[in-house]
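Let me begin by presenting the structure, written as structure tokens, before commenting on it.
Just so it is clear, the structure is predicted and the values come from calculations on it, not from any experiment.
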Amino acid sequence: MQARTPAQPEASTDMTAVLTAAQAALSAGEASQCLALAEPLLDGAQAEPARALAAQALEQLSERCAAAGEHALALQHYRRFHRLVVDGLQQRLARGIETGADDGLLDTLTGLANAQAMEQRLPAMMAQAIGTKRGLCLVRMELDPLQPGRLALTPGLADAVLREIGALLRAHSRAKDLALRHAGETLVLVLSDVELSTARTVCERLRRAVQGHDWTPQHQELRVSISMGLTALRGGDDVKQLMARAEAGLVSARRDGRNCVRTGVLGA
């Protein structure tokens with residue numbers, strides 16, 4: 001038994017190295033390689049970050065196959081992507097409900113963190129980003145009015161849509177990010193160790209994922225989109241200033257017709 005103790009940190013380090021390699025492959029556009037690295041970790045201690053990487057890889061593969069006219073293969077990849085996202089959300093909800101995880105910091109509808117989690121975690125994330133001179137970006141997003149508009153009156157439909165968007169948001173974020181439901185139909189994503197250009201790429205990928213998602217299980221006619229306001233942390237920012245700039249970006253997205261990403265500039 002004692003001989004196994006030194007091997008445990010080494011195994012954890014090995015898994016972290018594999019995840020790092022998978023993330024690098026995904027960033028380089030090698031979705032198949034990323035998937036091959038992440039899938040063996042889905043049943044282990046690193047299951048959640050591995051699931052997020054595998055889901056992003058499958059989504060990219062689905063998009064590429066669709067663009068190449070390989071629609072059957074695109075659908076196959078997309079179904080695997082959707083299954084990973086839904087399974088992950090169900091597991092997180094089960095953990096939160098059964099164990100009271102995060103001391104009440106979980107939003108049980110979406111499986112994301114709640115506004116209280118942002119109050120507790122965001123100041124420390126900002127301080128770390130400034131101290132290490134690493135980027136941090138914050139995104140405020142909201143569900144656009146459901147289309148066709150008459151569907152907004154369908155009981156429970158908005159909640160069902162938010163639940164699915166919560167799963168998609170988790171699939172497009174990493175363990176070190178903070179994804180939460182701030183209030184009502186407003187969500188927040190805090191991206192660690194990224195600059196504005198990378199954050200915009202993440203936002204566009206998420207926006208397309210929501211728009212292209214299969215919403216027919218909720219309603220045959222349903223179409224869904226989200227609007228986003230994005231900003232990067234600046235020296236001297238507090239939480240209020242960071243959120244205000246992101247809100248300004250969200251206002252710009254509404255003004256520009258919704259279903260888009262806009263960078264927040266106060267006074268614009």
Once rounded to the nearest 0.5 Å, what's the spacing between atom [atom1] of [X] and atom [atom2] of [Y]?
X: H71; Y: S62; atom1: NE2; atom2: OG; value: 11.0 Å
X: L169; Y: L162; atom1: CG; atom2: CG; value: 11.0 Å
X: E185; Y: T110; atom1: CD; atom2: OG1; value: 12.0 Å
X: E119; Y: L105; atom1: CD; atom2: CG; value: 10.0 Å
X: C34; Y: E39; atom1: SG; atom2: CD; value: 9.5 Å
X: R121; Y: Q128; atom1: CZ; atom2: CD; value: 10.5 Å

Report yes if the side chains of [X] and [Y] come closer than 4.5 Å at any heavy-atom pair, otherwise no.
X: C137; Y: T231; answer: no
X: Q56; Y: R205; answer: yes
X: T186; Y: M141; answer: no
X: R200; Y: T263; answer: yes
X: T108; Y: R181; answer: no
X: L146; Y: L222; answer: yes
X: E204; Y: T201; answer: no
X: R80; Y: L35; answer: yes

Is the shortest side-chain N to carboxylate O distance from R254 to E247 below 4.0 Å? yes
So that I can tick it off, tell me whether D237 and R234 are bridged by a salt bridge, with the cut-off set at under 4.0 angstrom between side-chain N and carboxylate O. no
Tell me every residue that passes ring pair (Phe, Tyr, Trp, His ring centres under 6.0 Å) with H172, counting only those two or more places apart in sequence or in another chain. none
Sequence neighbours excluded and cut-off under 3.5 Å, please list the side-chain donor-acceptor pairs for residues 148-159, or say none.
unit_1 : atom_1 : unit_2 : atom_2 : d
R150   : NH2    : E221   : OE1    : 2.5
R150   : NH2    : E221   : OE2    : 2.7
T154   : OG1    : L151   : O      : 3.1

Mark yes when over 12 heavy atoms from residues, nucleotides or ligands other than [X] sit less than 6.0 Å from its [atom1]; otherwise mark no.
X: D43; atom1: CG; answer: no
X: R134; atom1: CZ; answer: no
X: R79; atom1: CZ; answer: no

Transitive ILVMFWY cluster of L138, excluding itself - 4.5 Å side-chain cut-off: M118, L122, M125, M126, I130, L136, L178, L180, V188, V190, L233, V239, L242, M243
Taken in chain and number order and not counting sequence neighbours, the residues that satisfy salt bridge (Lys or Arg N to Asp or Glu O under 4.0 Å) with R258 are E142, D144
Let's go through L53 and L19 carefully: what are the C-alpha distance in whole Å and the side-chain angles of both, what is the deciding distance for side chain to side chain contact (heavy atoms under 4.5 Å, CB included) to 0.1 Å, and is it a yes or a no? CA-CA 8 Å; L53 286 169; L19 285 172; 3.8 Å; yes
Answer yes or no: is there a donor N or O on one side and an acceptor on the other, between the side chain of D256 and the main chain of A253, under 3.5 Å? no
Quick check: closest heavy atoms across [X] and [Y], and the distance to 0.1 Å?
X: V210; Y: S225; answer: CG1-CA, 4.1 Å
X: R245; Y: A232; answer: NH2-O, 2.8 Å
X: Q218; Y: A160; answer: CG-CB, 3.9 Å
X: S192; Y: D177; answer: N-OD1, 2.9 Å
X: A171; Y: A55; answer: CB-CB, 4.1 Å
X: D214; Y: P217; answer: O-CD, 3.5 Å

Test of understanding: clusters of I, L, V, M, F, W, Y form through side-chain heavy atoms closer than 4.5 Å, transitively. Do [X] and [Y] belong to the same one?
X: L61; Y: L73; result: no
X: V251; Y: M228; result: no
X: V224; Y: L250; result: no

Keeping to residues at least two apart or across chains, list the ring-ring contact (aromatic ring centres under 6.0 Å, His included) pairs with something in residues 181-213. H82-H213, H213-W215
Under 3.5 Å, sequence neighbours excluded: what are the donor-acceptor pairs made by side chains of residues 20-31?
unit_1 : atom_1 : unit_2 : atom_2 : d
T20    : OG1    : T16    : O      : 2.9
S27    : OG     : Q23    : O      : 3.0

Hey, are Q60 and R64 close enough side-chain-wise for a donor-acceptor pair under 3.5 Å? yes
Mind running side chain to side chain contact (heavy atoms under 4.5 Å, CB included) on I165 and V161 for me, showing each step along the way? CA-CA 6 Å; I165 289 179; V161 169; 3.8 Å; yes
